[in-house]
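Presented below is the structure to which this report refers.
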Amino acid sequence: MKEKYLKFNYNNVLPFVNQNDLKAIQKEVTNARKTLDNKDGEGNDFIGWIDLLDQMDKDFLNDIQNTAKKIRKQSQVLVVIGIGGSYLGAKAAIEYMKPYFQKRKSLEVIFAGQNLSSTYLNELITYLKNKSFSINVISKSGTTTEPAIAFRALKQLLEEKYSKEEVKDRIVATTDASKGALRTLVDKEGYKSYVVPDDIGGRFSVLTPVGLLPIAVAGINIKQMIRGAKASKRAYKLKDIYKNDVHMYVALRHLLYRKGFSLELLVNNEPKLNYFSEWWKQLFGESEGKDEVGLFVSSASFTTDLHSLGQFIQDGKKVLFETMIEVEEPLKDLTIENDPLNLDELNYLENKSVDYVNKQALKGTMLAHLDGGTPNMLLTIPKIDAYSFGYLVYFFELAVGVSGYVLGVNPFDQPGVESYKKNMFALLEKPGFERLTEDLKKRI
């Protein structure tokens, strides 16, 4: 039997669930998967990500790669403007694969429009004044406040630095196919553009042009990423939870949730996965956190966060469980050498690698947390590369689709996200919000 690409070890959860629990939830998971496959559940107009990989052809990927090549040739910096799913996937992929300390001459990808910090935007404008740069603005409507403000300011800087024709050549928009403010501007100015698919929500869009263009500009092999995602899709077709790690993961997290573990902590022992965790938090938090149900999702990087969160995880209230991601083969390693003075008392580690120490630390942590009453499970990927990134992305997209239906919610909408926007618009006295403005002013 061919060895699994992604290994899933859930032995440290079994003390908290029993065979009857697993047998009972098998039917729920199977029915949820059928709902997803049959496309007849709530939110079925936003499950285009399921068929996306099969529809992606070489010409489409070649076009993205050619655009990326052009940007790299003409610019020192690409500014990606977007928020939420419009930037998290690309940011996660770039942080996952690019070196920690890049060469000075390599193209820099910077993100904007993901916050409302005046200091951040002001300093970015100052930084770009003496740089050649291009913009990839990502917004389905073109009117989302955070990216719209950033785009207005950075577009103005482009217009101050370059001729009208050069500005046109330095803006790429990823937006709706036919409507919205940004599409209107694209058609008017003749910018190069890509389409945000109507049937794919932002948090599922990393394998569309939303994520693929900035990832390609960063020099990452997007074709390998798609191959990894396709392999993941093929690997998880069976319904039986014992033969499908996605389904077992879904089953275990729901059983733990029902036993009072209300928080899931995604843990890594490789900082390159830190922003992957940020993407994962939006994927699960926005998909499941509604109708007053759902796990609260958070993340940690070990061993770093063991020196801050470790005390609570070990001895605090038993409200969380851990899903850990381990990298089997490090990109680079370092051997610990003998020191004659041995003042740091590390000579017992002589000839052992730093990665070996890291892995033993993770194993020891998992056992310690288990002994402290914190369930944990481990996903192991072979290495850090574009293929494994695509594989993990589809693993978790499929998992959250099935999991949402087990939970009994629509995993593909996000009604709660609009609440803060309405209040913000009212407090900013946007036309049309006058009545709400009056009500809010009485409360503050």
Side-chain angles (χ1 to χ4, degrees), residues 6-36 236 239-268 277 280-300 302 305-306 309-326 362-380 395-396 398-411:
L6 186 152
K7 299 172 186 175
F8 184 39
N9 184 332
Y10 50 89
N11 289 337
N12 289 355
V13 177
L14 296 180
F16 301 87
V17 302
N18 58 50
Q19 291 301 317
N20 289 333
D21 292 330
L22 288 167
K23 185 177 180 181
I25 203 169
Q26 166 75 75
K27 186 176 180 181
E28 294 181 58
V29 175
T30 297
N31 288 338
R33 179 61 186 271
K34 286 179 179 176
T35 298
L36 186 64
Y236 303 113
K239 303 295 191 295
D240 189 338
I241 59 174
Y242 290 100
K243 296 179 180 179
N244 186 326
D245 286 341
V246 168
H247 288 189
M248 180 59 82
Y249 169 61
V250 170
L252 292 173
R253 63 195 302 273
H254 278 277
L255 289 175
L256 291 170
Y257 173 58
R258 294 169 190 180
K259 292 178 183 291
F261 295 97
S262 56
L263 189 154
E264 181 176 12
L265 194 67
L266 188 72
V267 175
N268 69 73
S277 296
W280 176 87
K281 284 191 285 189
Q282 186 199 10
L283 182 70
F284 278 83
E286 206 167 76
S287 296
E288 294 187 318
K290 57 198 71 166
D291 300 339
E292 299 187 7
V293 298
L295 285 157
F296 182 83
V297 288
S298 190
S299 63
F302 289 173
D305 291 329
L306 288 174
L309 299 175
Q311 175 61 41
F312 180 88
I313 298 170
Q314 186 71 40
D315 292 336
K317 189 173 177 63
K318 298 307 164 190
V319 295
L320 66 85
F321 66 90
E322 297 164 298
T323 299
M324 299 180 168
I325 302 178
E326 177 188 42
L362 184 65
K363 289 175 183 176
T365 301
M366 292 176 68
L367 291 172
H369 289 178
L370 174 63
D371 291 342
T374 299
N376 51 74
M377 43 191 159
L378 180 67
L379 291 166
T380 302
F395 178 96
F396 284 118
L398 179 59
V400 82
V402 176
S403 186
Y405 286 138
V406 172
L407 190 61
V409 301
N410 175 355

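Since we're looking at a predicted model, the values are computed, not measured. Numbering of residues begins at 1 and proceeds along the displayed sequence.
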Nearest 0.5 Å, please: how far is [atom2] in [Y] from [atom1] in [X]?
X	Y	atom1	atom2	result
F8	T380	CZ	OG1	10.5 Å
Y10	L252	OH	CG	7.0 Å
M377	M366	CE	CE	10.0 Å
L362	N268	CG	CG	9.5 Å
R33	I241	CZ	CD1	14.0 Å
L367	N376	CG	CG	8.0 Å

Close aromatic pair by centroid cut-off 6.0 Å: F261 and F16: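 Distance test on ring centres: under 6.0 Å, yes.
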Between [X] (side chain) and [Y] (backbone), is there a donor-acceptor pair under 3.5 Å?
X	Y	answer
E28	A251	no
K318	G372	yes
E288	L295	no
D291	V293	no
N9	K7	no
K243	K239	no
H254	S403	yes
K34	V29	no
K259	V17	no

Pair R258 + D21, salt bridge at N-O below 4.0 Å: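 No, this pair does not count.
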Test item: [X] and [Y] side chains (from C-beta on) under 4.5 Å apart, heavy atoms:
X	Y	result
L266	S277	yes
V13	F321	no
I313	T365	no
H247	T30	no
N11	L370	no
S262	F296	no
V402	T35	no

Aromatic plane relationship, Y249 with F395 - under 30° parallel, 30 to 60° tilted, over 60° perpendicular: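 F395 and Y249: tilted rings.
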Sequence-distant partners of Y257, ring-ring contact (aromatic ring centres under 6.0 Å, His included), two or more places apart: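 None.
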Which residues share a ring-ring contact (aromatic ring centres under 6.0 Å, His included) with F284, sequence neighbours left out: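 Expected list: W280.
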Option among L306, L320, L265 that satisfies the side-chain contact (heavy atoms from CB on, under 4.5 Å) test with H369: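 Among L306, L320, L265, the one meeting side-chain contact (heavy atoms from CB on, under 4.5 Å) with H369 is L306.
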Salt bridge (Lys or Arg N to Asp or Glu O under 4.0 Å) partners of E322, counting only residues at least two apart: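 In terms of salt bridge (Lys or Arg N to Asp or Glu O under 4.0 Å), with neighbours along the sequence ignored, E322 is linked to no residue.
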